[in-house]
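Accompanying notes for the structure given below.
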Amino acid sequence: MFPSGNAWESLKTSARNRRTWILVFLYTVSFGGGFTSLSAWFPTYWEQFHELSLATAGLLAGVFIAYGSLIRVPAGSISDRFGGEIVAIVSFAIMALGSVIMTFATGFWPAIAGMMVLGTGMGIANAAVFEPVRRRGVNTSTIISP
């Protein structure tokens, strides 16, 4: 579970493995670059585009954060049952659908629906990305089938 030997050599070995980069990309899109960024951006979106008060905009962003975080719990079980790779593919399709809805939504309720679909996809993806690591251990040479 913990790296053995030289940490720098371990990092270089991981960096040479394309599967490591795939895993990092998926996690970055679903969490770091996606979920976290949207969590910070949604208050501005709701306040400026839908002309809501800052308190309401913050509340809606909080709903996105709480929902996206809580959906990870059942998504972990789903990933365990069907496999992280398959669930990740489905979750990224759900994220794409939510993004399309958010892009074209001009009204409040369609935007809420898009935000929730996007949160569903991101929450599921967050859990799905960890399933191959948990199932196969930290050996990144076996993560994401070739």
Side-chain angles (χ1 to χ4, degrees), residues 1-3 10-146:
M1 180 161 214
F2 297 100
S10 179
L11 287 172
K12 288 193 311 189
T13 300
S14 294
R16 285 191 297 267
N17 186 332
R18 74 175 176 85
R19 291 179 180 106
T20 301
W21 290 98
I22 293 168
L23 181 67
V24 168
F25 172 77
L26 293 175
Y27 185 73
T28 299
V29 171
S30 69
F31 185 74
F35 186 78
T36 304
S37 297
L38 283 174
S39 297
W41 175 74
F42 268 134
T44 303
Y45 168 77
W46 290 112
E47 181 185 29
Q48 292 182 3
F49 189 72
H50 290 282
E51 300 177 347
L52 300 175
S53 71
L54 186 56
T56 303
L59 176 66
L60 290 173
V63 167
F64 172 78
I65 293 165
Y67 176 73
S69 299
L70 291 173
I71 199 78
R72 289 176 73 169
V73 176
S77 297
I78 293 168
S79 296
D80 288 345
R81 182 171 181 190
F82 296 104
E85 292 92 347
I86 298 296
V87 175
I89 290 167
V90 171
S91 67
F92 276 80
I94 294 169
M95 286 170 52
L97 175 63
S99 297
V100 168
I101 294 169
M102 290 290 304
T103 298
F104 294 106
T106 56
F108 176 77
W109 290 110
I112 290 285
M115 180 181 76
M116 298 310 287
V117 170
L118 194 52
T120 299
M122 288 186 166
I124 294 170
N126 288 337
V129 168
F130 283 108
E131 192 277 335
V133 176
R134 186 206 52 76
R135 180 171 27 104
R136 296 182 182 138
V138 295
N139 180 357
T140 58
S141 65
T142 59
I143 297 171
I144 310 291
S145 302

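For clarity, every value in this text was computed on a predicted model and none was experimentally measured.
- For the residue pair His50 and Gly107, the shortest heavy atom distance occurs at CE1-O, 3.5 Å.
- Of all heavy-atom pairs spanning Phe92 and Ala125, the tightest one is CE1-CB, 3.9 Å.
- For Ala40 against Pro43, the heavy-atom pair with the smallest separation is O-CD, 3.5 Å.
- Using a 4.5 Å heavy-atom cutoff, the side chains of Leu54 and Glu47 are in contact.
- Residue pairs meeting the ring pair (Phe, Tyr, Trp, His ring centres under 6.0 Å) criterion with at least one partner in residues 95-126, sequence neighbours excluded, are Trp46-Phe108.
- To the nearest 0.5 Å, atom CD1 of residue Ile89 and atom CZ of residue Phe82 are 14.0 Å apart.
- No side-chain N or O of Ser39 forms a donor-acceptor pair with one of Thr36 less than 3.5 Å apart.
- Contact annotation: the side chain of Tyr67 approaches that of Thr120 to within less than 4.5 Å [non-hydrogen atoms, C-beta and beyond].
- Scanning all heavy atoms of the two residues, the minimum distance from Met95 to Met122 falls at CG-N, 3.6 Å.
- Using a 4.5 Å heavy-atom cutoff, the side chains of Met116 and Val63 are in contact.
- Within the model, atoms CD of Glu85 and OG of Ser79 stand 9.5 Å from one another, a figure rounded to the nearest 0.5 Å.
- Separation of atoms CE (Met115) and CZ (Phe42) is listed at 6.0 Å; rounding is to 0.5 Å.
- A heavy-atom distance below 4.5 Å is not found between the side chains of Leu38 and Tyr45.
- Shown here is Trp41, whose CH2 atom has more than 12 heavy atoms of other residues, nucleotides or ligands within 6.0 Å.
- Heavy-atom minimum distance, Ala88 versus Ala128: N-CB, 3.6 Å.
- Each of Ile124, Ile86, Ile71 was scored for a side-chain contact (heavy atoms from CB on, under 4.5 Å) with Ser91, with one residue passing: Ile124.
- Looking at every heavy atom in both residues, Met102 comes nearest to Leu118 through CG-CD2, 4.4 Å.
- With hydrogens and angles ignored, the 3.5 Å screen pairs no side-chain donor or acceptor of Thr56 with any backbone N or O of Leu52.
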